[in-house]
Amino acid sequence: MNLFENIRLALEGLRANKMRALLTMLGIIIGIASVMAISTLGSAMTGSVSSTMDKIGGKNIMVSLTPKNYDTQSTLQPEDYITQEELDGFKETHADQIKAISLSTGMGSGQLNSGYIHKDVSITGASTDYSLVNNVNMVQGRFISNRDMESSRNVIIIDTTLRNKMVGINGDPIGMDVSVETKTTTETYTIIGVYEKLVIDNPLFNMGDDTRVECFIPITTAMSLNSGSAATPPGYENFTIMATADTDSASFAAITKDYFSKKMGALSDYTVDVQSMEAMVSEATTMLSTLSLGISVIAGISLLVGGIGVMNIMLVSVTERTKEIGIRKALGARNSAIRSQFIIEAIIICLIGGLIGVALGAGLGSLGSTLLKFPTTPPLVPMIIALCFSMAIGVFFGYYPANKAAKLNPIDALRYE
Amino acid sequence: MKGIVKTYYLGTPNELEILHGIDLDVYDGEFLSIVGASGSGKSTLMNILGALDRPTSGRFFLDHLPMEDVKDEGLSKIRNKKIGFVFQNFNLIPRSSALSNVALPMLYGGKSRSERNLRAKELLKLVGMEDRSHHRPNELSGGQKQRVAIARSMANDPAIILADEPTGALDTHTGRMVMDIFHRLHQEQGKTIILITHNNELALETQRTIKLLDGAIIENRMNGKNQLEGCYESF
């Protein structure tokens with residue numbers, strides 16, 4: 001009695017009872033489909049998170065001064081600010097861990113005017129390393145240089161959409177003068193570069209629909225403008241450190257916090273807040289895997305219930321086919337032949353259910369990952385595991401009914417009506 | 001098969017004795033009939049003869065082989081190779097075609113698929129059912145079903161054919177046809193045939209008749225040569 005014959009017999013049996021077979025498979029289908037969908041979505045999400053992180057800088061450590069208590073009106077004292085000297089000192093101490101330090105300060109929104117073009121823009125003061133740390137992709141001209149910083153030049157970097165509006169896709173705006181009108185000032189800047197806006201097309205990282213064009217000016221220029229008539233602030237409130245590739249950003253974040261916390265007086269209303277991108281990613285990944293685990297447990301329960309359903313239908317089938325079993329035994333079928341016939345039938349039910357489930361789950365998962373804007377091919381390993389698992393369910397829940405069939409007394413079975 | 005000698009008592013757990021010590025020899029190539037009223041123990045005797053059941057006590061030799069020494073798996077093998085069953089209610093597998101039904105014992109006998117199909121076709125031809133080989137049992141008449149069943153009993157070329165009321169569910173005409181097939185198998189292929197029936201006329205066609213009453217043999221009669229010859233002439 002070979003395997004192939006048993007499979008043929010099982011398929012024959014299933015064909016005779018299509019509806020029943022499908023209903024029996026349902027539990028397995030749902031269970032396997034949800035496991036597959038989750039693992040496909042999970043891999044899509046993980047891939048999506050890490051690729052986005054690569055884009056915005058996976059090795060970045062964000063440092064900012066934050067109030068200890070948000071309820072009270074607290075203001076930064078001049079001595080709280082982190083000075084350029086302190087930054088330089090830190091960079092020197094940890095030269096082999098720091099790739100770059102980026103400084104930036106928001107100047108709020110304004111209107112950029114160039115000839116008949118008027119466009120709402122937001123102005124960011126940035127340091128030389130900003131483009132490296134934040135992946136600013138320059139397409140024309142250059143980013144802010146050290147000399148621009150030192151002499152607080154009135155230069156500006158615009159983005160491609162603004163360039164297209166001003167001079168067309170193939171135009172060259174470098175050297176053109178534009179005026180920018182903010183609430184407090186109106187300044188004239190010379191365009192030195194054009195960058196392409198980084199598109200983070202990922203619903204998991206919805207940064208808000210900011211349709212305004214961001215333009216960069218040297219941070220030194222920005223700070224002198226910001227302060228208006230008052231003195232220029234003696235340092236920075238926040239900055240971003242880009243660690244080198246082989247630095248453990250979690251421990252380096254701690255070192256950074258220690259270093260800058262020391263300078264903050266105990267009496268200060270402010271504290272140093274340090275966040276590493278890697279820590280945020282691993283937090284998100286942990287959350288995702290916890291979610292996957294939860295859904296897998298539910299899927300496991302569904303598989304258990306499905307397996308019990310298979311066992312139930314196999315018991316019914318054994319009872320229904322008692323006479324057939326008797327005939328087979330009279331014709332010389334050994335107990336083992338009867339047992340393998342029924343076990344294989346159970347395996348086939350579960351395997352077909354598993355196949356449908358895998359197809360359904362992979363389809364749903366792919367659809368979901370496409371909606372997440374991160375299309376993924378369903379992972380192969382969970383697919384194979386799912387199919388093996390469904391076959392194991394067939395063996396486990398098919399054994400008892402099959403054994404019952406195998407142990408039937410041929411005479412009683414033949415007499416059964 | 002040289003001889004079966006057996007004496008046995010069959011009891012159920014509440015000690016209902018159905019066969020009270022039966023001694024019987026069946027010879028190779030014999031056409032034997034067993035008659036008796038219902039409840040006389042015919043079927044029980046057949047189950048033991050067919051290696052479906054074991055006697056509670058007593059000994060049963062098949063081909064000199066003491067059956068009490070044979071394990072269950074061995075009994076399956078004996079049923080498969082040495083015995084062909086023909087039942088009153090045909091006992092064909094309803095989902096399978098006539099051809100698959102005939103091929104089934106060969107499947108359990110470990111024959112290859114092509115071998116099975118070839119032999120099954122031959123056997124269906126032998127019983128005149130070759131043009132119905134792909135029909136399912138519910139598409140066949142009673143006589144046709146029984147012919148398929150006989151073809152199936154011949155699948156592994158067994159020494160003995162055990163027929164339990166093979167004509168019981170058939171009308172006279174088709175019953176006649178089935179009996180003719182048995183005679184042919186006996187004559188042409190030298191099969192040992194044990195026919196269980198309560199029809200005395202059919203029993204008279206066989207070489208020897210055993211009559212059972214309440215679990216005991218009350219008559220063991222050789223049937224007259226004339227009658228046998230007469231019946232041979234009829235087909």
Side-chain angles (χ1 to χ4, degrees), chain A residues 1-21 313-314 316-342 344-345 348-349 402-417, chain B residues 10 12 18 43-54 71-97 100-113 116-117 136-138 149 152-156 158 162 164:
Chain A
M1 190 67 181
N2 59 39
L3 185 70
F4 176 72
E5 290 299 333
N6 271 324
I7 293 173
R8 213 168 48 86
L9 268 175
L11 289 177
E12 233 170 61
L14 292 184
R15 222 176 295 138
N17 265 319
K18 285 193 200 83
M19 191 62 188
R20 190 165 88 178
I313 221 71
M314 289 308 294
V316 170
S317 173
V318 167
T319 309
E320 269 181 1
R321 282 149 66 183
T322 301
K323 194 168 180 104
E324 181 191 318
I325 295 163
I327 296 169
R328 287 179 187 278
K329 287 196 152 188
L331 297 180
R334 293 168 188 216
N335 290 356
S336 56
I338 301 289
R339 189 181 300 122
S340 50
Q341 182 192 336
F342 280 90
I344 286 171
E345 191 166 320
I348 293 285
I349 291 178
N403 205 37
K404 206 180 154 189
K407 281 187 177 159
L408 281 175
N409 177 332
I411 299 167
D412 295 340
L414 268 175
R415 217 178 275 146
Y416 185 88
E417 288 299 333
Chain B
L10 188 89
T12 52
I18 294 174
S43 298
T44 311
L45 183 57
M46 183 186 128
N47 288 339
I48 291 166
L49 283 169
L52 280 166
D53 204 353
R54 296 168 185 275
K71 296 206 169 67
D72 281 354
E73 295 287 285
L75 288 185
S76 298
K77 200 173 171 186
I78 287 170
R79 288 199 294 270
N80 188 243
K81 303 279 185 204
K82 296 197 171 171
I83 297 163
F85 287 94
V86 179
F87 301 94
Q88 177 176 8
N89 48 7
F90 324 122
N91 280 348
L92 298 173
I93 308 259
R95 289 198 314 264
S96 304
S97 66
S100 312
N101 265 291
V102 176
L104 194 57
M106 291 184 269
L107 175 69
Y108 292 123
K111 297 264 169 55
S112 77
R113 190 179 170 79
R116 294 198 306 263
N117 283 342
R136 290 185 180 196
N138 59 10
R152 183 180 65 181
S153 73
M154 295 286 295
N156 285 327
L162 271 179
D164 186 5

- Message: Is B:Asn156 close to chain A through its backbone or its side chain, or both, or neither, when contacts mean heavy atoms under 4.5 Å?
- Response: neither

- Minimum heavy-atom separation for B:Glu73 to A:Asn335, with atom names? OE2-N, 3.6 Å

- Query: Among residues 11-18 of chain A, which ones touch chain B with a heavy-atom distance under 4.5 Å?
  - Reply: A:Glu12, A:Gly13, A:Ala16

- Could you tell me whether the side chain of A:Leu414 reaches within less than 4.5 Å of the side chain of B:Leu52, counting heavy atoms only? yes

- Closest non-hydrogen atom pair between B:Arg113 and A:Glu5, with its separation: NH1-OE2, 3.3 Å

- Among B:Ile93, B:Leu92, B:Asp72, single out the residue with the greatest number of heavy-atom pairs under 4.5 Å to chain A. B:Ile93

- Item | Contact origin within A:Lys323 toward chain B - heavy atom pairs under 4.5 Å | side chain

- Message: If I compare all heavy atoms of A:Gly332 with all of B:Tyr108, which pair ends up nearest, and what's the gap?
- Response: O-CB, 3.9 Å

- Nearest atoms (heavy-atom pairs only) where B:Phe87 meets A:Ala330: CZ-CB, 4.1 Å

- Has B:Lys77 got more than 12 heavy atoms of other residues, nucleotides or ligands less than 6.0 Å from its NZ? no

- So, for A:Ile411 and B:Asn47, which heavy atoms are closest and what is the spacing to 0.1 Å? CG2-ND2, 3.4 Å

- Mind checking the CG-CG spacing from A:Leu9 to B:Leu104? Nearest 0.5 Å is all I need. 7.5 Å

- Taken to the nearest 0.5 Å, the spacing of A:Ile327 CD1 from B:Asn101 CG works out to 8.0 Å

- Query: So, for A:Ala333 and B:Ser76, which heavy atoms are closest and what is the spacing to 0.1 Å?
  - Reply: O-OG, 3.6 Å

